[in-house]
Structures are given as structure tokens and as C-alpha cells.
Number of protein chains: 2
Amino acid sequence: MKRYNLGIEATLEIIGGKWKSLIICLLMSGVKRTSELQRNIHGISQKVLIQQLRELEKDGLVRRYVHQQMPPKVEYSLTEYGVTANKIVDVMCSWGKENIKIRQQRGEDIVLLEDESLEDKK
Amino acid sequence: MKRYNLGIEATLEIIGGKWKSLIICLLMSGVKRTSELQRNIHGISQKVLIQQLRELEKDGLVRRYVHQQMPPKVEYSLTEYGVTANKIVDVMCSWGKENIKIRQQRGEDIVLLEDESLEDKK
DNA sequence: TCCAGTACTTACTTTCAAGTAACTACCTTA
DNA sequence: TAAGGTAGTTACTTGAAAGTAAGTACTGGA
């Protein structure tokens with residue numbers, strides 16, 4: 001029997017960690033191929049990306065669609081349930097933006113590249 | 001120069017990790033003493049609790065008030081800025097509750113003890 | 001006088017998520 | 001025929017976060 005004291009514990013298990021909320025954030029802008037995700041998430045390794053995607057799939061947030069073709073083409077998208085999780089990711093994003101602004105005003109040497117990573121580079 | 005691709009990265013730095021969102025959640029119900037927090041956050045060690053509180057204080061989310069008396073009495077509360085972060089914690093809590101319900105309906109052997117940890121045990 | 005409780009600090013250890021790198025297997029293009 | 005791109009897997013290593021345990025310093029109560 002698994003016990004949770006607060007709802008937030010379950011949330012952290014599912015979208016906690018370094019990468020999952022970023023993946024959800026990117027998938028909100030539409031279906032993405034594996035390689036697209038990897039290019040757009042700075043610093044993630046292929047192993048970790050795929051591992052995180054599989055976990056999100058297992059938890060019902062992400063759908064994996066394999067095109068039966070060569071060369072391989074695999075597409076990931078959010079499920080309906082995954083979209084509900086985006087509510088969280090959304091407030092985290094906007095709170096984070098505000099936080100960065102505040103720290104910039106304080107004189108910290110930081111930038112938000114913002115959305116560059118979301119756009120497809122031509 | 002520190003670079004963020006998405007606002008969410010800054011958020012994760014500040015309230016990410018295993019314990020910080022739980023601490024914020026508890027502090028939303030009012031001022032708390034160190035020992036109260038420790039009793040109410042199941043499994044946290046004193047070292048880690050104090051460490052997390054100091055980091056939250058450094059980031060401006062938590063206020064630490066030391067009563068000049070013996071035996072020592074230290075109280076922690078959320079700052080105004082800390083209260084803004086509670087928006088995030090709030091959606092995480094409610095999403096997590098929903099998640100637990102769904103998994104219970106699926107037959108998973110889990111419970112949400114919910115709010116027991118928030119109340120002062122007499 | 002000793003134990004319990006307050007709020008810490010310090011030192012050391014463990015764990016596990018993430019990182020690194022190499023490998024498979026297939027196709028297309030040069 | 002060799003390189004580059006697709007989507008992975010596997011094995012091993014690293015490092016930061018967290019856990020463990022003990023010590024400090026003070027007071028109040030049995």
C-alpha cells in the first residue's frame with residue numbers, strides 16, 4: 001500500500017525531475033519526432049530523453065506513434081491527460097519568467113532565450 | 001552568463017527537488033516552527049529540512065524569524081513572493097489528487113492521507 | 001542530576017538519476 | 001562503399017542530493 005500525504009507527492013513522481021516538465025512544455029506546441037525533441041532540449045542525452053518519454057507514456061501523459069517505415073520515424077504527442085498536466089507546466093513557465101525578470105532587475109547575469117528552443121530551426 | 005531556454009528551468013531550480021514544494025504547501029497554512037515542519041513532513045531529516053529552508057530563504061520565498069529566547073524558537077513563514085509560488089504548488093496539489101483518484105479507480109493500491117500532515121496533532 | 005526538547009552544525013556515506021560512450025540496424029545520398 | 005541520419009539499446013561511470021549519525025549549547029521539568 002502506497003501512502004501519499006499530499007497530492008503534490010504524486011505530481012512530483014510523475015512530472016518531477018529535471019526533464020519531464022520541459023518535454024511536456026515542448027509537446028504542447030504539437031507532435032514532435034524524437035530527434036526534434038533532442039535538438040530542442042538543450043543538454044539532454046538520447047538515453048535520458050527516451051527513458052523519460054517511456055515513463056511519461058507509461059503514466060499516460062504521452063502517446064508514442066511509430067510509423068512503419070524506413071528510415072524509422074517515431075512521433076510523440078500529449079494525450080488528453082497529458083494536456084491536463086500542462087496546466088502545471090504552464091504556471092511553472094510563467095512564474096519562472098517572472099522570476100528571471102526579477103533577478104535581472106537585481107542585476108544577476110542571466111538571460112531567458114525563450115521559445116527559440118520551441119521553434120523549428122529551418 | 002546563465003542561460004535559460006524556458007521559464008520553467010528557473011522554477012525548477014527554485015522549487016524543484018523532493019521537498020521544497022511540500023514545505024511551501026505546509027507554510028501556506030501559516031507560520032510554522034522548525035519542529036512542526038519536521039513532524040509534518042514525513043521522512044525528511046533535520047539536516048535536509050534546514051538546508052531546504054535556508055535555500056528558500058535565500059531565494060526570497062521564506063522568512064525566518066528567530067525569537068531571542070531560551071529555549072530557542074524559530075519560526076518560518078512565506079514571504080509575499082513565496083505566496084506567489086504557492087500558485088504552482090496549488091495546481092500541483094490538485095492535479096496530484098486527481099491523479100491519485102484515477103489510479104485508485106484503476107485498482108492501484110494507494111491512499112492519500114491528505115491534510116493529516118497539515119493539522120497540528122494535539 | 002539526568003533526561004527531553006529546542007534548533008541547529010558537521011562529517012561521513014549511500015543512492016540513484018543522469019551522463020558518457022559505444023553498439024545495433026536500416027535507409028538514403030554522395 | 002562510405003558517411004550521415006533515423007531510433008533506439010546496453011554497459012559503465014559520475015556527481016549531487018539525500019540519508020545517517022553524532023555533537024553543540026541552552027533550558028525546564030521529573
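Below, chains carry the letters A, B, ... as their sequence lines are ordered, and counting in each starts from 1.
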Phosphate OP1/OP2 of D:dA7 contacted by A:Tyr76 side-chain N/O (<4.0 Å): no
Any A:Gln52 side-chain nitrogen or oxygen under 4.0 Å from OP1 or OP2 of C:dA17: no
For atom NZ of B:Lys20 and atom P of D:dA16, their distance in whole Å: 15 Å
Distance in angstrom units between B:Gln46 CD and C:dA7 P, rounded: 8 Å
Nucleotide C:dA18, atom P - distance to CG of B:Leu12 in whole Å: 11 Å
Rounded distance (Å) that lies between atom C1' of C:dA7 and atom CD of B:Gln51: 15 Å
Value in whole Å for how far the C1' atom of C:dT28 lies from NZ of A:Lys73: 16 Å
Check: D:dG8 base within 3.5 Å donor-acceptor of A:Lys47 side chain: no
Nucleotide C:dA17, atom C1' - distance to CG of A:Leu22 in whole Å: 15 Å
Under 4.0 angstrom between B:Thr34 side-chain N/O and C:dT6 OP1 or OP2: no
Nearest listed nucleotide, side chain of B:Pro72, among C:dA7, D:dA7, D:dG19: C:dA7
Worked check of side-chain contact (heavy atoms from CB on, under 4.5 Å) between A:Met92 and B:Leu12: CA-CA 8 Å; A:Met92 288 175 86; B:Leu12 288 171; 3.5 Å; yes
Residues B:Lys101, B:Glu98; criterion salt bridge (Lys or Arg N to Asp or Glu O under 4.0 Å); working and verdict: CA-CA 5 Å; B:Lys101 274 188 207 161; B:Glu98 259 315 298; 3.6 Å; yes
Rounded distance in Å - CD1 (B:Ile50) to C1' (D:dA22): 14 Å
Audit row: A:Glu13, A:Lys2, side-chain contact (heavy atoms from CB on, under 4.5 Å) steps and yes/no: CA-CA 12 Å; A:Glu13 277 185 5; A:Lys2 188 149 204 177; 3.2 Å; yes
Of the listed nucleotides C:dG5, C:dC8, D:dT6, the one nearest the side chain of B:Pro71: C:dG5
A:Ser94 side chain to A:Asp90 backbone, donor-acceptor under 3.5 Å: yes
C:dT6 phosphate, OP1 or OP2, under 4.0 Å from B:Arg33 side-chain N/O: no
Full working for side-chain contact (heavy atoms from CB on, under 4.5 Å) between A:Leu22 and B:Ile8: CA-CA 7 Å; A:Leu22 291 171; B:Ile8 204 168; 3.2 Å; yes
Distance below 4.0 Å between A:Ser45 side-chain N/O and C:dA21 OP1 or OP2: no
Flag if over 12 foreign heavy atoms under 6.0 Å of CD, A:Glu80: no
Upstream residue (5' side of DNA chain D) when B:Met70 and B:Gly43 are each assigned their closest nucleotide: B:Gly43
Distance test, side-chain N/O of A:Ser35 to OP1/OP2 of D:dA7, below 4.0 Å: yes
Between D:dA7 (P) and A:Leu49 (CG): distance, integer Å: 10 Å
Selection from C:dA18, D:dA18, C:dC8 that lies nearest to any side-chain heavy atom of B:Arg54: C:dC8
Of B:Ile44 and A:Glu75, the one whose closest DNA chain D nucleotide lies more 5': A:Glu75
Any B:Lys18 side-chain N or O less than 4.0 Å from OP1/OP2 of D:dG19: yes
